[in-house]
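Positions are given from 1 along the sequence. What you see below is based on every heavy atom in this structure, not just the backbone, and it leaves out hydrogens, waters and symmetry mates.
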Amino acid sequence: MLLSAFGSLLQLLYLAMLVLAVVAFVFAATAREDAYRAADKKKSFWLIILGIAVAVNLLIPMLFLQLAGVVASIVFMVDVRPALKAVSGGGGRRGGSSSDGPYGPYNGGR
C-alpha cells in the first residue's frame with residue numbers, strides 16, 4: 001500500500017513538472033519579440049530551453065533531466081516573464097483612468 005501511494009505521488013509530481021514546463025513554454029511563445037529585446041532577453045533561447053524541458057518531461061522519464069527542466073521553467077516564470085510584462089505594459093494597472101497617478105488623478109479631480 002505504501003509503495004502504491006509513493007508511485008501515485010511520483011506520478012503527480014511528474015504531471016506537475018510537465019504542466020509547469022508547458023505553461024512556461026506557452027507564455028514564452030506568446031510573448032512579443034520586441035518585449036524580449038526590450039527586456040534584454042532572447043526569445044529563441046527560451047523557446048529552445050523550455051521546448052527541451054517539455055520534450056524531456058514527455059519522452060525521457062529521467063528525474064535529473066526533468067529537474068533541470070523545472071529549474072529552467074521556474075527561472076522563466078520568476079525572472080523573464082515579469083521582465084517581459086514590465087516592458088510590454090502588462091500588469092500593475094487595476095482599472096482607473098489614464099490620467100490617474102500614484103496618489104490620485106492628475107487632472108485636478110475633475
Side-chain angles (χ1 to χ4, degrees):
M1 173 152 153
L2 186 60
L3 195 56
S4 173
F6 180 72
S8 298
L9 181 66
L10 205 55
Q11 286 179 345
L12 285 175
L13 180 65
Y14 289 151
L15 180 64
M17 290 189 290
L18 174 64
V19 167
L20 179 64
V22 168
V23 167
F25 181 77
V26 168
F27 282 146
T30 57
R32 296 186 341 236
E33 178 69 35
D34 60 336
Y36 278 95
R37 282 194 306 270
D40 199 28
K41 311 287 183 191
K42 302 262 188 225
K43 184 173 185 172
S44 59
F45 171 78
W46 283 105
L47 287 177
I48 290 169
I49 294 296
L50 295 172
I52 290 172
V54 171
V56 162
N57 278 306
L58 287 174
L59 304 175
I60 307 170
M62 297 178 73
L63 187 60
F64 72 94
L65 290 177
Q66 290 172 318
L67 290 176
V70 167
V71 169
S73 300
I74 290 172
V75 167
F76 178 82
M77 295 298 276
V78 301
D79 180 41
V80 178
R81 186 167 179 248
L84 295 175
K85 287 177 81 173
V87 298
S88 65
R93 295 215 37 177
R94 291 184 170 84
S97 170
S98 63
S99 65
D100 283 351
Y103 305 109
Y106 287 126
N107 61 6
R110 291 182 232 156

Where do M77 and V23 land on the side-chain contact (heavy atoms from CB on, under 4.5 Å) test, with the steps shown first? CA-CA 9 Å; M77 295 298 276; V23 167; 4.1 Å; yes
For K41, give me all partners under salt bridge (charged side-chain N to carboxylate O under 4.0 Å, His left out), at least two apart in sequence or on another chain.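 Salt bridge (charged side-chain N to carboxylate O under 4.0 Å, His left out) check on K41 returns D79.
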So which heavy atom on A31 is nearest to which on L84, and how close?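 Scanning both residues completely, I find the closest heavy atoms to be CB-CD1, 3.8 Å.
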Grab the two heavy atoms, one from I49 and one from A72, that are nearest each other, plus how far apart they are.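 Between these two residues, the closest heavy atoms are CG2-CB, 3.6 Å.
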Just how far is it from atom [atom1] of [X] to atom [atom2] of [Y], taken to the nearest 0.5 Å?
X   : Y   : atom1 : atom2 : answer
L59 : L65 : CG    : CG    : 11.5 Å
K42 : L47 : NZ    : CG    : 13.5 Å
F25 : F76 : CZ    : CZ    : 10.5 Å
R81 : W46 : CZ    : CH2   : 13.5 Å
N57 : M62 : CG    : CE    : 13.0 Å

Is there a donor-acceptor contact under 3.5 Å from the side chain of K43 to the main chain of R37?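 Not a single qualifying donor-acceptor pair exists.
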Would a hydrophobic clustering, with Ile, Leu, Val, Met, Phe, Trp and Tyr connected at side-chain separations under 4.5 Å, put [X] with [Y]?
X   : Y   : value
F64 : V75 : yes
L12 : L67 : no
L9  : L63 : no

Among L50, V22, L18, find the one that has a side chain to side chain contact (heavy atoms under 4.5 Å, CB included) with S73.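 The option that passes is L50.
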Pairs in or reaching into residues 60-78: which pass salt bridge (charged side-chain N to carboxylate O under 4.0 Å, His left out), with residues at least two apart or in two chains?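 As it turns out, there is no salt bridge (charged side-chain N to carboxylate O under 4.0 Å, His left out) pair with a partner in residues 60-78 once direct neighbours are skipped.
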For residues 14-33, pull every pair meeting side chain to side chain donor-acceptor pair (under 3.5 Å), keeping only residues two or more places apart or in separate chains.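 Residue pairs passing side chain to side chain donor-acceptor pair (under 3.5 Å), neighbours aside: R32-D34.
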Indicate yes or no: at least one non-hydrogen side-chain atom of F27 is less than 4.5 angstrom from one of V80.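 No, their side chains stay 4.5 Å or more apart.
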Quick one: do L20 and I74 satisfy side-chain contact (heavy atoms from CB on, under 4.5 Å)? Show the steps, please. CA-CA 8 Å; L20 179 64; I74 290 172; 3.9 Å; yes
